[in-house]
Amino acid sequence: EERMEIVDCKHNVRCALGACRAKAEHVVKFDRVGIRSGIFVCGKCLGELYAAIGARIVPKSVETAKKRGRRSGDEA
């Protein structure tokens with residue numbers, strides 16, 4: 001069940017992240033919220049946000065692989 005999506009921006013608005021003044025290229029839209037709800041983001045800030053999220057959130061499959069590696073190392 002998707003609660004948000006990223007779509008191309010069709011409006012002439014500025015990026016809403018930080019002090020960035022670039023033109024927004026994408027919009028993060030939220031499900032079941034008003035029509036005008038969304039976060040307008042430029043490509044550079046979206047890339048930086050992606051990197052920050054990737055550093056913070058580890059996919060479960062990677063966590064499982066790390067745990068298996070530790071277990072097999074303990075047995076040796």
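Predicted model, so just to flag it, every value in this text is computed and none were measured. Positions are given from 1, in the same order as the sequence printed here.
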Next on the checklist: Assigning hydrophobic clusters by single linkage (Ile, Leu, Val, Met, Phe, Trp, Tyr; side-chain heavy-atom cutoff under 4.5 Å), is I6 placed with Y50?
Outcome noted: no
Checklist entry - Would a hydrophobic clustering, with Ile, Leu, Val, Met, Phe, Trp and Tyr connected at side-chain separations under 4.5 Å, put L17 with L46? => result yes
Checklist entry - What distance separates I39 CD1 from C9 SG, expressed to the nearest 0.5 Å? => result 13.0 Å
Next on the checklist: Quick check for you: to the nearest 0.5 Å, what is the distance between C15 atom SG and K23 atom NZ?
Outcome noted: 12.0 Å
Checklist outcome for this item: In H26, H11, R14, the residue satisfying side-chain contact (heavy atoms from CB on, under 4.5 Å) with F40 is H11
Item to check | Verdict with supporting geometry, V41 and E25, side chain to side chain contact (heavy atoms under 4.5 Å, CB included) | outcome: CA-CA 6 Å; V41 188; E25 300 168 24; over 6 Å; no
